[in-house]
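Naming: A, B, ... by sequence-line order, numbering from 1 per chain.
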2 protein chains.
Amino acid sequence: MATIKDVAGAAGVSVATVSRVLNDNGYVHEETRTRVTAAMEKLNYYPNEVARSLYKRESRLIGLLLPDITNPFFPQLARGVEDELQREGYRLIFGNSDEHLEKELEYLQTFKQNQVAGMIAATNYPDLAEYSGMEQPVVFLDRTPEGAPSVYSDGRTGGKIAAEEILRGNSKCITLFKGPAHLPTAQERFSGALDVLRHADVNFQIITTASFSFKDAQTSAKELFAAYPNTDGVIASNDIVAAAVLHEALQQEKRVPEDIQIIGYDDIPQSELLFPPLSTIRQPAYDMGKEAAKLLLNIIKKQPLKETAIQMPVTFIKRKTTRKGD
Amino acid sequence: MATIKDVAGAAGVSVATVSRVLNDNGYVHEETRTRVTAAMEKLNYYPNEVARSLYKRESRLIGLLLPDITNPFFPQLARGVEDELQREGYRLIFGNSDEHLEKELEYLQTFKQNQVAGMIAATNYPDLAEYSGMEQPVVFLDRTPEGAPSVYSDGRTGGKIAAEEILRGNSKCITLFKGPAHLPTAQERFSGALDVLRHADVNFQIITTASFSFKDAQTSAKELFAAYPNTDGVIASNDIVAAAVLHEALQQEKRVPEDIQIIGYDDIPQSELLFPPLSTIRQPAYDMGKEAAKLLLNIIKKQPLKETAIQMPVTFIKRKTTRKGD
DNA sequence: TTGAAAGCGGTACCAG
DNA sequence: CTGGTACCGCTTTCAA
């Protein structure tokens, strides 16, 4: 790999001059510039980012921490982040935490050691000292610690809407899924739905899912029909759980939505391909990623910020697993 | 951020000594070591990876290039890679190419500029001069250029198995999906299936999908039933397409698999949650990622390699959208 | 308009 | 067993 010194040699100038044409700052004679450019071309030179980062004490890398890219909600977020950052010349160091504090800390450490320009984190531990003590700016995604820059959607409202839609479709014996206890976002949507149900004139019961994995979703779905066979409305904790419930309902030869309504949460791309296509509460994942990236970029560039906690809208996507309005 | 100099000062030793305890090499008196360790502790010191990488001319970062993390097949690969690399202390710079040469080159450039220790690429352009001219080792995933280190599965065989299974279930009017022309992996499985169909005593027709996006999958599925309404067997180019076809078939009130068999490709996690659960050809995505990472690690460490082109098995996953053997 | 030189934060060689 | 120092590749004063 050619270095700036090689280029300087080939062009018969000092490295300082090469650096100037490289960064297009300071004075440099037009004729020298062409000579330098030619030398760079000839040597196939490209600057070493590592050296640059060392001097600047900041790299063009952004740390992205997600719970698990294997969960279909997160790839969307990641793409939103990447697409936005990419355009500004930033790249991603990416890590999955598996909701595991230890792994999370490990990645935070990595990010710091690599002098990232900033980071975006979807974490259950936003109040960690490691975050507040960070020199680099952090934008929280999907979960908001008080006061810190963040992008999220309103889980309580989402949960409420879900419950209202199920009610509107006239279910009388409803099962409400409660997501993993350690996931605040899951708890928010749950409590939103719970509020609505409590104040309505319906029977309802609660089932807790241990995780959002495919396997646990299936298990919970089976549990649902074993424990509450005459459920006629289901508020799932996310689309994966909803898909599992839909699967199980059809397996039991129930008609959806005639015998049982089902509503999901997130609106992952696959939900539309289910049959019947899944009614769900949509979080605009891709845009959330984009917004987080924009916010971070603004902080990095020290632009004045209008808002530092950005709430994204949550919307009901009416498809075919709910009844009302057909 | 504390530097090695700060630590040296606080411990009353030279930076050389601190470096020695840091890397645990060379001689250092037990008592000095404790003093240094204490100083590091007190100053909350951690080494700057950027400085290290500069000196070593190699970072602890690995470049991972994937077509699109939003396609459910790839997150699995990514996790396999990450989990393996993580354990050895390597981290990922991640990028999506969108099958777009320009973006791919941009990321390759990034990888080089950041002095990655190596890279793993799922690319349609493995023969690029940029790859062969690379100083860092590259492992190709999912697509193999002659002679280069790679991990892949046998698409032709996969396609064959798919066709054989559909035949075994006695479909007589088969539609074979042909994936995007620019995706070699898609073409391989297609041609494998085509071979089998050609030598069998059945009617079959071909439909080409423009891309593997959810939208295009839906469009093709609709096209299928419009053009060939009495299709009684479908060999899809991947599980997304299969899901769309299944959706459309049910929509048309066909019984699956009684009226029409459907087989997918990839075995993404969601396929099991479809109803009926999707029969498909499985590629062990997670393990492929793991193997690629292992292979790369071995190359980086200059270990002797037994094999440099690792073929992973492709297997038929019998679920409920095919008939034979119920 | 240009070059010399001092770092950025480490590592490793050499001397003592 | 320890310290001094050159160097990794680049940026940025400062002086010429």
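- Between Phe140(A) and Tyr131(A), the gap from one ring centroid to the other is short of 6.0 Å.
- For Glu102(B), the CD atom sits in a loose shell: 12 or fewer heavy atoms of surrounding residues, nucleotides or ligands are nearer than 6.0 Å.
- Distance Met1(A) CE to dC10(D) C1': 10 Å, rounded to the nearest Å.
- The environment of Glu307(A) atom CD is dense: over 12 non-hydrogen atoms of other residues, nucleotides or ligands sit within 6.0 angstrom.
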> Taking it one step at a time, do Asn48(A) and Tyr46(A) satisfy side chain to side chain contact (heavy atoms under 4.5 Å, CB included)?
Replying inline: CA-CA 7 Å; Asn48(A) 182 329; Tyr46(A) 50 91; over 6 Å; no
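- Of the N and O atoms on the side chains of Gln86(A) and Tyr107(B), at least one donor lies less than 3.5 Å from an acceptor on the other residue.
- The separation between Arg57(A) atom CZ and dG10(C) atom P is 11 Å, rounded to whole Å.
- Legend: salt bridge (Lys or Arg N to Asp or Glu O under 4.0 Å) pairs involving residues 16-29 of chain A, not counting sequence neighbours, sorted by first then second residue: Asp24(A)-Arg33(A).
- Helix bend of the helix from dT1(C)-dA16(D) to dG16(C)-dC1(D): the angle between its two end axes, each built from five pairs, comes to 50° after rounding to 10°.
- In this structure, Glu58(A) atom CD and dT12(D) atom P are separated by 13 Å, rounded to whole Å.
- Salt bridge annotation for Arg57(A)-Glu135(A): absent, with no cationic side-chain nitrogen under 4.0 angstrom from a carboxylate oxygen.
- Under 4.0 Å is where a charged nitrogen must lie from a carboxylate oxygen, and between Asp98(A) and Arg79(B) at least one such pair does.
- Contacts between residues 42-52 of chain B and DNA chain D, defined by a heavy-atom separation under 4.0 Å, are absent.
- His182(A) NE2: more than 12 foreign heavy atoms inside a 6.0 Å radius.
- Nearest heavy atoms, Pro67(A) versus Glu99(A): CB-OE2, 3.7 Å.
- Checking Glu104(A) against Thr123(A) by side-chain atom types alone, a donor-acceptor pair falls below 3.5 Å.
- To the nearest angstrom, C1' of dG7(C) lies 15 Å from CD1 of Ile4(A).
- With the nearest nucleotide of DNA chain D identified for both Val13(B) and Tyr55(B), Val13(B) has the one nearer the 5' end.
- OP1 and OP2 of dG9(C) both lie 4.0 Å or more from every side-chain N or O belonging to Thr3(B).
- Taking atom CE of Met40(A) as the reference point, atom P of dG9(D) lies 17 Å away to the nearest angstrom.
- As rounded to whole Å, 13 Å separates atom P of dC8(D) from atom CD of Gln115(B).
- For the residue pair Asp266(A) / Gln283(A), a side-chain donor-acceptor distance below 3.5 Å is found, with atom types taken as modelled.
- Sorted by residue number, the members of residues 17-33 of chain B with any non-hydrogen atom under 4.0 Å from DNA chain D read Thr17(B), Arg20(B), Tyr27(B), Val28(B), His29(B), Thr32(B).
- Within a heavy-atom distance below 4.0 Å of DNA chain D, no residue of residues 105-112 of chain A is found.
- The NZ-P distance, from Lys56(A) to dG9(C), rounds to 15 Å in whole Å.
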> Under the side chain to side chain contact (heavy atoms under 4.5 Å, CB included) criterion, do Leu128(A) and Leu105(A) qualify, and how do the steps go?
Replying inline: CA-CA 9 Å; Leu128(A) 243 38; Leu105(A) 292 174; 3.8 Å; yes
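- Distance, Asp6(B) CG to dC8(C) C1': 13 Å, rounded to whole Å.
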Would you tabulate the side-chain donor-acceptor contacts of residues 285-302 of chain A under 3.5 Å, counting partners in other chains and residues two or more places apart, or write 'none'?
unit_1, atom_1, unit_2, atom_2, d
Tyr286(A), OH, Asp83(A), OD2, 2.6
Lys301(A), NZ, Glu88(A), OE1, 3.0

